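In what follows, a single structure is set out as structure tokens and then discussed.
Note that ligands are numbered from 1 as they come in the structure, with each ligand's atoms numbered from 1 the same way. Note that the structure is predicted; figures quoted are calculated from it, not measured.
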Amino acid sequence: MLQHFREHWVRPALFFGNNPLSLAGGAITSAAGVTMIGYWLVELFGRPNDNPYLGIIFFLILPALFVLGLVLIPIGLFARRKKLQLAGQIPAEFPKIDLNDRMFRHGIDIVLVATIVNLLVVSMASYRGAAYMDSPQFCGSSCHVMHPEYTAYKVSAHSHVACVECHIGAGAESYFKAKVNGTKQLVEVAFNRYPKPIPSPVMNLRPAREICEGCHTPAKFVGEKLLVKSSFADDEKNTETQSVVVLHLGGIDSLSHLTGIHGVHLGHVEYITTDPTRTTIPWAERTYPDGSKTAFASSNLKGAVPQGERRVMDCIDCHNRAAHTMQTAEDALNRAMAEGAISPELPWVHKKGLELLKANYATEAEAREKIPAGLTQFYRSEHPDVLAAHPDLVKTAGEGLVTVFTTNSFPEMKVTWGTHPNHIGHMNYPGCFRCHDGDHVAKEGKTLTQDCSVCHNLLAVDEAKPKVLSDLGIQ
Ligand code: HEC
Ligand code: HEC
Ligand code: HEC
Ligand code: HEC
Ligand code: HEC
């Protein structure tokens with residue numbers, strides 16, 4: 001058998017293989033193969049490199065070249081055969097390979113071994129390529145379109161949850177769907193035809209409860225959550241005040257009762273929204289544990305059921321920015337000041353900082369340059385004494401403002417303050433008040449509650465040094 005293989009396959013292959021195309025193919029394959037194996041070894045023993053472009057080269061381009069080389073070899077072979085056939089030059093007998101000749105025997109063995117190695121390299125490369133395409137690094141940073149989502153993601157509580165865990169389901173089907181979708185998006189990016197900003201909500205997101213409950217079990221939601229928020233005023237001293245709120249988050253209690261904010265809506269609430277961003281919700285219906293239903297509708301509907309997208313409420317109807325919170329300029333600045341990234345000791349920094357954050361910048365680079373320059377200029381011309389006394393605070397405040405800007409506002413992608421509303425709460429965006437606006441009424445006359453204390457106890461609202469915090473030992 002081996003004899004037959006050598007006579008009828010290897011000999012013609014070597015004969016026809018002696019052409020520029022096949023030889024080039026062989027060269028490309030070997031070069032790509034050796035480079036990849038080298039990189040894997042370095043990776044195995046060295047530090048992982050998180051430059052996305054290296055990833056593209058080593059996990060996508062080199063494997064493609066490797067396969068291209070492999071494909072060129074038979075193409076060259078067949079082309080030469082065809083050419084010789086047309087010219088009537090195919091030898092009746094292929095040049096004799098003397099199997100007693102050790103050189104030839106070894107040559108054939110090398111071809112066999114090379115084929116096996118090639119198969120191994122191809123399977124390893126495709127496995128590595130697939131794994132790489134699933135990494136947040138690839139999804140988030142190899143494509144500038146994802147810049148806003150990736151940046152917000154990196155500073156979120158989910159920065160260690162891979163994009164694919166939320167965006168792509170398990171199983172071959174969703175993997176395939178995602179790749180088809182991804183290829184379409186790649187073409188859009190290549191031709192600069194993608195929408196800016198990328199629209200939200202994501203219509204083909206996996207069912208949220210399937211995604212989120214993989215890590216957060218509903219049974220663990222039970223309880224109250226204490227929320228403390230600081231804000232700073234626009235005066236010289238950046239006067240700090242705090243709000244202290246106890247949210248009735250609830251969940252499923254030990255008697256399997258659905259309680260509080262989580263429990264009620266995760267029981268079963270359906271709604272109809274009449275706009276693509278799911279902000280206008282004129283109709284919502286709760287199904288109670290006993291199966292009865294009550295629908296609450298905007299009073300201007302006069303009993304009619306509106307046309308629109310109909311959804312059963314799930315996690316992302318409130319947590320729509322779970323991994324990509326783009327804060328408002330006010331919230332982001334307050335937080336940076338509470339954390340000390342921008343010192344509240346620096347007179348007027350809240351007022352001027354907010355003004356600089358909200359100015360128009362065409363590009364991120366422009367913001368990086370103009371924000372710190374604007375701050376320094378402000379102190380130089382209006383408060384030179386402050387600049388003289390605290391040059392270091394002015395400098396760090398400038399850097400802090402740049403960070404606030406670049407993690408929440410992305411001019412190139414047209415994602416600016418307020419582009420992506422957050423549905424949690426009601427202070428900056430309609431959020432809970434999309435339904436709990438006091439105007440959603442049931443037939444029986446019951447109104448969807450807007451009573452502050454049903455959702456939370458307000459222990460302090462914008463108070464300077466609230467007593468409750470010192471009682472709790474927090475301050
Ligand atoms: C914890 C789950 C989770 C993770 C992890 C996650 N996302 Fe998202 N993503 C969401 C949700 C939820 C939405 C909003 C869906 C909606 O409103 O319908 C979203 C929306 C988006 C959007 C649409 C535009 C927008 O801003 O709403 C893009 C693009 C996106 N994500 C990209 C990514 C990338 C890239 C990564 C990884 C770097 C990632 N996501 C990781 C849950 C996640
Ligand atoms: C792979 C696991 C995983 C998945 C999937 C996941 N989370 Fe999380 N989530 C976490 C981890 C880990 C934390 C961080 C806990 C911490 O930092 O204390 C977290 C924190 C949170 C928090 C509190 C922090 C915050 O940002 O306010 C919320 C809310 C949350 N997740 C909601 C969601 C929602 C909604 C989804 C589905 C879209 C989801 N999670 C999917 C693991 C996950
Ligand atoms: C009706 C709106 C609503 C729905 C629906 C909802 N949540 Fe929440 N969730 C909230 C609010 C409000 C908070 C408190 C917000 C805060 O911490 O600032 C919260 C907080 C959380 C937290 C943080 C708890 C902590 O101890 O800090 C997690 C985790 C969470 N939700 C997960 C989920 C998951 C998973 C789902 C879906 C199964 C879900 N939520 C559905 C409104 C909702
Ligand atoms: C899609 C509409 C919708 C949205 C958005 C919504 N809710 Fe509700 N909520 C309802 C419905 C419907 C009920 C059931 C009212 C009833 O049974 O009387 C309800 C009930 C509640 C209850 C229990 C009220 C009671 O009387 O016991 C609380 C608390 C609550 N919601 C808080 C919130 C919070 C907090 C948010 C925002 C994070 C929110 N809701 C967002 C529709 C909504
Ligand atoms: C349907 C539920 C609901 C009702 C009704 C409601 N709130 Fe809230 N409120 C929330 C939620 C949820 C948050 C937490 C937002 C967050 O996590 O950032 C909140 C936060 C707050 C905060 C502190 C947060 C901040 O950003 O400063 C204040 C103050 C507040 N609410 C005042 C009120 C007042 C006053 C009323 C009555 C007129 C009211 N709320 C009615 C759900 C509600």
Side-chain angles (χ1 to χ4, degrees), residues 134-143 145-168 185 194-216 221 225 227-231 241-249 260-262 264-265 276-278 311 314-328 330-331 334 410 413 415 419-429 431-438 440 448-463:
D134 277 359
S135 68
Q137 219 193 79
F138 174 76
C139 303
S141 59
S142 53
C143 167
V145 175
M146 295 287 158
H147 180 58
E149 283 74 24
Y150 187 53
T151 309
Y153 157 90
K154 282 193 294 188
V155 296
S156 82
H158 293 109
S159 57
H160 291 281
V161 179
C163 320
V164 292
E165 291 223 36
C166 291
H167 284 281
I168 302 175
Q185 285 157 5
Y194 52 92
K196 285 184 202 169
I198 301 184
S200 201
V202 180
M203 286 303 174
N204 52 7
L205 199 76
R206 297 168 57 194
R209 300 194 61 164
E210 203 177 278
I211 316 173
C212 316
E213 288 180 11
C215 295
H216 304 281
F221 297 162
K225 178 168 180 180
L227 213 65
V228 182
K229 289 201 172 181
S230 295
S231 14
T241 53
Q242 285 170 314
S243 294
V244 184
V245 174
V246 177
L247 279 171
H248 308 315
L249 216 46
I261 298 168
H262 272 161
V264 172
H265 304 88
T277 61
R278 298 182 186 147
R311 273 177 61 85
D314 64 27
C315 319
I316 61 160
D317 288 305
C318 298
H319 296 283
N320 63 325
R321 306 309 303 169
H324 319 287
T325 312
M326 280 94 176
Q327 306 169 83
T328 59
E330 289 83 356
D331 276 3
N334 282 332
F410 309 88
M413 279 303 295
V415 174
T419 301
H420 288 300
N422 191 335
H423 296 328
I424 291 275
H426 52 80
M427 301 303 262
N428 301 319
Y429 307 104
C432 310
F433 288 7
R434 287 173 300 162
C435 297
H436 295 269
D437 60 354
H440 284 61
L448 204 46
T449 185
Q450 204 184 20
D451 179 350
C452 318
S453 64
V454 172
C455 296
H456 44 51
N457 287 349
L458 297 167
L459 303 181
V461 177
D462 286 333
E463 278 179 32

Atom indices of ligand 1 within 4.0 angstrom of R321 heavy atoms, with elements: 25 (C), 26 (O), 27 (O)

T419 vs F410 side-chain heavy atoms within contact, under 4.5 Å: no

L458 vs C452 side-chain heavy atoms within contact, under 4.5 Å: yes

Parallel, tilted or perpendicular: rings of H319 and H262 (30°, 60°): tilted

Those atoms of ligand 5 less than 4.0 Å from some heavy atom in Q450: 5 (C)

Heavy-atom gap M326 to ligand 1 smaller than 4.0 Å: no

Nearest-contact summary for atom 27 (O) of ligand 1 - protein heavy atom, Å: S200 OG, 2.7 Å

Atom 12 (C) of ligand 1: the protein heavy-atom neighbour that sits closest, reported with distance to 0.1 Å: I316 CG2, 3.4 Å

Ligand 1 versus P197: contacting region, heavy-atom distance under 4.0 Å: neither

Atoms in ligand 2 flagged as close to I211, the criterion being non-hydrogen separation under 4.0 Å: 5 (C)

Atoms in ligand 1 flagged as close to M146, the criterion being non-hydrogen separation under 4.0 Å: 29 (C), 32 (C), 35 (C)

Side-chain donor or acceptor of H436 paired with backbone N/O of T449 under 3.5 Å: yes

Protein residue, atom and distance nearest to atom 14 (C) of ligand 5, heavy-atom basis: L227 CD2, 3.7 Å

Contact check, side chains of M326 and P148, non-hydrogen atoms, under 4.5 Å: yes

Non-hydrogen side-chain atoms of I211 and E165 separated by less than 4.5 Å: no

N334 vs K229 side-chain heavy atoms within contact, under 4.5 Å: no

Contact check, side chains of N320 and N422, non-hydrogen atoms, under 4.5 Å: yes

Nitrogen or oxygen of Y150 less than 3.5 angstrom from that of ligand 1: no

I424: numbered ligand 5 atoms lying under 4.0 Å from its heavy atoms: 16 (C), 17 (O)

Side chain to side chain donor-acceptor pair (under 3.5 Å) partners for H440, two or more places apart: D437

Sub-2.8 Å protein N, O or S atoms surrounding atom 8 (Fe) of ligand 1: H167 NE2, H324 NE2

Subset of ligand 5 atoms that lie under 4.0 Å from at least one heavy atom of F433: 4 (C), 5 (C), 6 (C), 41 (C)

D317 and its side chain to side chain donor-acceptor pair (under 3.5 Å) partner, picked from R311, R434, R278, H423: R311

Side chain, backbone, both or neither: the part of H420 lying under 4.0 Å from ligand 1 by heavy atom: side chain

Atom 11 (C) of ligand 1: nearest protein contact (heavy atom, Å): N320 O, 4.1 Å

Per-atom contacts, ligand 5 versus H436 - under 4.0 Å to a heavy atom: 1 (C)

Per-atom contacts, ligand 1 versus A162 - under 4.0 Å to a heavy atom: 5 (C)

Residue-atom pairs from the protein, N, O or S only, that lie under 2.8 Å from atom 8 (Fe) of ligand 2: H158 NE2, H216 NE2

Sub-4.0 Å protein heavy atom near atom 39 (C) of ligand 2: yes

Sub-2.8 Å protein N, O or S atoms surrounding atom 8 (Fe) of ligand 5: H426 NE2, H456 NE2

For H324, the option from E149, H420, H158 that meets side chain to side chain contact (heavy atoms under 4.5 Å, CB included): E149

Contact with ligand 1 for C315, non-hydrogen, under 4.0 angstrom: no

Atoms of ligand 2, numbered as shown, that sit under 4.0 Å from any heavy atom of H319: 29 (C), 35 (C)

Is_contact(atom 9 (N) of ligand 2), protein non-hydrogen, under 4.0 Å: yes

Identity and separation of the nearest protein heavy atom to atom 13 (C) of ligand 5: L247 CD2, 3.8 Å

Ligand 5 to K229 polar contact by distance, N or O atoms, under 3.5 Å: yes

R321 vs S156, side-chain hydrogen bond (donor to acceptor under 3.5 Å, both in side chains): CA-CA, chis, key distance, verdict: CA-CA 10 Å; R321 306 309 303 169; S156 82; over 6 Å; no

